[in-house]
There are 2 protein chains.
Amino acid sequence: MARYPGLMLRILAEDHPAIGPGKAQLVALIDSTGSISAAAREMGMSYRRAWQLVEALNASFIEPVVMTAVGGKRGGGAVVTAFGRELVQQFRAIEDKASKAIATDIERLQRRMRKPPRAPQRQ
Amino acid sequence: MARYPGLMLRILAEDHPAIGPGKAQLVALIDSTGSISAAAREMGMSYRRAWQLVEALNASFIEPVVMTAVGGKRGGGAVVTAFGRELVQQFRAIEDKASKAIATDIERLQRRMRKPPRAPQRQ
DNA sequence: CTTCGTTATATTCAGAAAAACATAACGACG
DNA sequence: CGTCGTTATGTTTTTCTGAATATAACGAAG
């Protein structure tokens, strides 16, 4: 889910996550599909979970991120607001900036990492 | 738990978290107390959970982060290795670097955030 | 050889989180 | 006014996590 190797970054409001890689991807998919349920399907996520994430996003910001319509042509749908699009762009820019800023440090740490788990050590 | 306002950052090995703010604090407390159980107490965490985190840390890196001794003087104890100390320092340096690199972007986002939850929006 | 405090580990319990399932509401459109 | 696909929401079930509890192992020190 992390878009940058070795790094997972979330922006917090107070102390709960306002946006992270998952929500960003979800909003991007809602933008391209025009539907929460289609985006959820593409992410292999239940519609309910996706809807809850959208609800949390809208609750975290003073402007709506996703607007929904129920009923009507094609049953309804969802559109990402200009702010929502901007939010995803900014989050990705932040990921990119942070990733670049600490890339060499992460690489240094990763040279000390192992892939598979290992048995605990004793003195 | 996040040491930097508005930001939570974890370093991943493959796709599971190798170190984040919680593990870093735990290792620092083990270093200052010389005991997993004392560190756990200070963090309000069960000994078992703390032990599992230490196990995960040691499994994530090619060098041990915490070495433990069972029995003996004072019942045993745990010491943070030089690498472990370095790991915590480097993680905090990474947090600091990333936080500085994206501080203004985070502030811009935070100006669009609200503290309390809000009802969902309709089109 | 008993005591002591810690590490190590299994087991059990409770609560939270997630998933699964079900169903209602909705409005355009034929 | 029935159909359709979607949003919205309730209910139930399952899974996961964490906490709590219990106990063994250990080795220094008295």
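So that the names make sense, note that chain A is the first sequence line, chain B the second, and so on, each numbered from 1.
Between the side chain of B/R48 and the base of C/dA10, at least one donor-acceptor pair of N or O atoms lies under 3.5 Å.
Residue A/R74 places its side chain closer to D/dT6 than to any other of D/dG18, C/dC29, D/dT6. Side-chain atoms of A/Y47 lie closest to D/dT7 of the nucleotides D/dC26, D/dA19, D/dT7.
Taking atom CE of residue A/M45 and atom P of nucleotide C/dA19, one finds them 8 Å apart after rounding to whole Å. Rounded to an integer number of Å, the gap from CG of B/L53 to C1' of C/dA8 is 15 Å. Atoms CE (A/M67) and C1' (D/dT7) sit 14 Å apart, rounded to a whole Å. One can place CG of B/L26 at 11 Å from P of C/dT7, the figure rounded to the nearest angstrom. In this structure, B/Q52 atom CD and D/dC16 atom C1' are separated by 13 Å, rounded to whole Å. If you measure from atom CZ of A/R41 to atom P of C/dA19, you get 17 Å, rounded to the nearest angstrom. Rounded to an integer number of Å, the gap from A/E55 CD to D/dA8 P is 9 Å.
Nearest-nucleotide assignment on DNA chain C puts the 5′-proximal partner with B/I36, out of A/R49 and B/I36.
The line from CD of A/E14 to CD of B/Q110 is 9.0 Å long, rounded to the nearest 0.5 Å. A distance of 6.0 Å separates CG of A/L26 from CG of A/L53, quoted to the nearest 0.5 Å.
Regarding contacts with the backbone of D/dA8, a side-chain N or O of A/T68 is found under 4.0 angstrom from either OP1 or OP2. At least one side-chain nitrogen or oxygen of A/S35 sits closer than 4.0 Å to the OP1 or OP2 atom of D/dT7. Distances shorter than 4.0 Å separate none of the side-chain N or O atoms of B/W51 from OP1 or OP2 on C/dT7. Taking only side-chain nitrogens and oxygens, B/S37 never comes nearer than 4.0 Å to OP1 or OP2 of C/dG5.
Remark: side-chain polar atoms of B/K97 are not paired, donor with acceptor, to backbone N or O of A/A98 under 3.5 angstrom.
Judged purely by distance below 3.5 Å, without hydrogens or angles, the side chains of B/S35 and B/S37 pair a donor atom with an acceptor atom.
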Just distance, no hydrogens or angles: give the donor-acceptor pairs under 3.5 Å from side chains in residues 71-88 of chain B, sequence neighbours left out.
| unit_1 | atom_1 | unit_2 | atom_2 | d |
| --- | --- | --- | --- | --- |
| B/T81 | OG1 | B/P64 | O | 2.8 |
| B/T81 | OG1 | B/V65 | O | 3.2 |
| B/T81 | OG1 | B/F83 | N | 3.4 |
| B/T81 | OG1 | B/G84 | N | 2.9 |
| B/R85 | NE | B/D31 | OD2 | 2.9 |
| B/R85 | NH2 | B/D31 | OD1 | 3.3 |
| B/R85 | NH2 | B/V80 | O | 3.3 |
| B/E86 | OE2 | B/Q90 | NE2 | 3.3 |

